[in-house]
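Here the structure comes first, spelled out in structure tokens, and everything after it is commentary.
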There are 2 protein chains.
Amino acid sequence: MGMDATSLPTRQRILYATAELFRRQGYTGTGLKQIVAEAQAPFGSVYHHFPGGKQELADEVIHAGGAFFQALVSAVYDAEPNPEASIRAVFEGAAETLRATDFQDACPIATVALEVASTNEPLRLVTAEVFERWTQALSDRLGDRDRAQAVLAALEGAFILARAQRSIEPMLAAGRMAADYAGRS
Amino acid sequence: MGMDATSLPTRQRILYATAELFRRQGYTGTGLKQIVAEAQAPFGSVYHHFPGGKQELADEVIHAGGAFFQALVSAVYDAEPNPEASIRAVFEGAAETLRATDFQDACPIATVALEVASTNEPLRLVTAEVFERWTQALSDRLGDRDRAQAVLAALEGAFILARAQRSIEPMLAAGRMAADYAGRS
DNA sequence: GTCTATAGAAGGATAGAC
DNA sequence: GTCTATCCTTCTATAGAC
């Protein structure tokens, strides 16, 4: 990654940079100054395009990250409608992305979600909304809401363990469990 | 919770307050000033007892949180050695704790682990060490390292979903999957 | 719309009196 | 060992020139 100053409008460069930094460093760990530096934008542009400041920026980034991730998983599912095989493919794809990005790019919203869960109610609601949409989408595929939530939990937890241990082993282990569980009658 | 100024030595009051704040707000989201206020300790005590500052404090807190959580899970296991039943009990206990603490107290190190995974290599190593010990302990009980990692991933992910959605539903759903998986031959 | 400068608060860390 | 005062940096946010 590493979005250039090329062609993209300022507003979008800011959004991309914020998404990348929040994903890797979290909400409180990322400063607006770091964001504008990465986006190669002047500081004032943040408040011009996002009058609500850091929180409004986070709101948009969480929504966008949610949509992106959902599209990614849907693409895998459309290519392989069998529940067990597609779940396996999602976890293997996640493992490959982790490896390819030096264990930096995992769930786009997990770090922020944990940070804001008890400290920022408006943003907590946004993360809850995204998780609910993912659960719904998976639920539609699996035909079972409980299983969808369990599979999603396995994926999120595996991201934590994989990033901390810098190993794809937990992702593959969780994928076996989740695929197995999703594929049972 | 909310540790008083009672009896406990300054150093331990600081450790308790830090553990609570890191668990709920994360590493970057918690300031040393907030810690000493909560611990009812003078600011200088932090650097007297922890010359390495915030990072040394985090190192100790992560280790302590790891040991605490491991003891908790071990206690459940000793009371109910059957793998399937004990895993179910762990997830149900986690659900109860979440509910009782208004979804504030979940995994003692998850938020910090995600925050430091790509930003603070010394602390990442500490979180990796704790996760490895948990995996080992579970592995000994289940007799299978892969399953232990999958179960742990399900628990960690369920903590994220439950805190974000303020619902124990994901924890129970993940618990069913994990118990089921652990109990199979 | 773009960009600079700065305010005002909070961050981590240190010095040194007691 | 306890505690206060302070340094310097960084943070979010705003004002206002261009």
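Reminder, nothing fancy here: chain letters follow the sequence lines and each chain counts from 1.
Looking at which nucleotide of DNA chain C each of A:P42 and B:Q34 is closest to, the 5′-most match is held by A:P42.
In this entry the distance linking CD1 of B:I14 with C1' of D:dC3 reads 12 Å, nearest Å. Following rounding to the nearest Å, B:F43 (CZ) and D:dT6 (C1') show an atom-to-atom distance of 11 Å. For the pair A:L57 CG and D:dC11 P, the computed distance is 15 Å after rounding to whole Å. Rounded to whole Å, the distance from CZ on B:R13 to C1' on D:dC3 is 13 Å. Atom P of nucleotide D:dC11 and atom CD of A:Q55 are separated by 18 Å, given to the nearest angstrom. Between A:L32 atom CG and D:dT12 atom C1' the separation is 6 Å, expressed in whole Å.
Nearest heavy-atom pair, A:A162 versus A:F103, reported as atom, atom and distance to 0.1 Å: O-CD2, 3.6 Å. The heavy-atom pair separating A:I35 from A:A17 by the smallest distance is O-CB, 4.0 Å.
When heavy atoms are screened at a 4.0 angstrom cut-off, A:T28 is found touching no nucleic acid atom at all. At a threshold of 4.0 angstrom between heavy atoms, the contacts of B:G44 include nucleobase atoms, whether or not backbone atoms are also involved.
Contact annotation: A:K33 does not reach the phosphate of D:dC11 (side-chain N/O to OP1 or OP2, under 4.0 Å). Here A:H48 does not reach the OP1 or OP2 of D:dT14: none of its side-chain N or O atoms lies under 4.0 Å away. Phosphate proximity of D:dT14 to A:Y47: absent, as no side-chain N or O sits under 4.0 Å from OP1 or OP2.
In this structure, the nucleotide among C:dA13, C:dT2, D:dT12 sitting nearest to the side chain of B:K54 is C:dA13.
Using a 30° and 60° split on the angle between ring planes, B:F131 and B:W134 fall in the perpendicular class, above 60°.
Between the side chains of A:T28 and A:E115, at least one donor N or O sits under 3.5 Å from an acceptor N or O.
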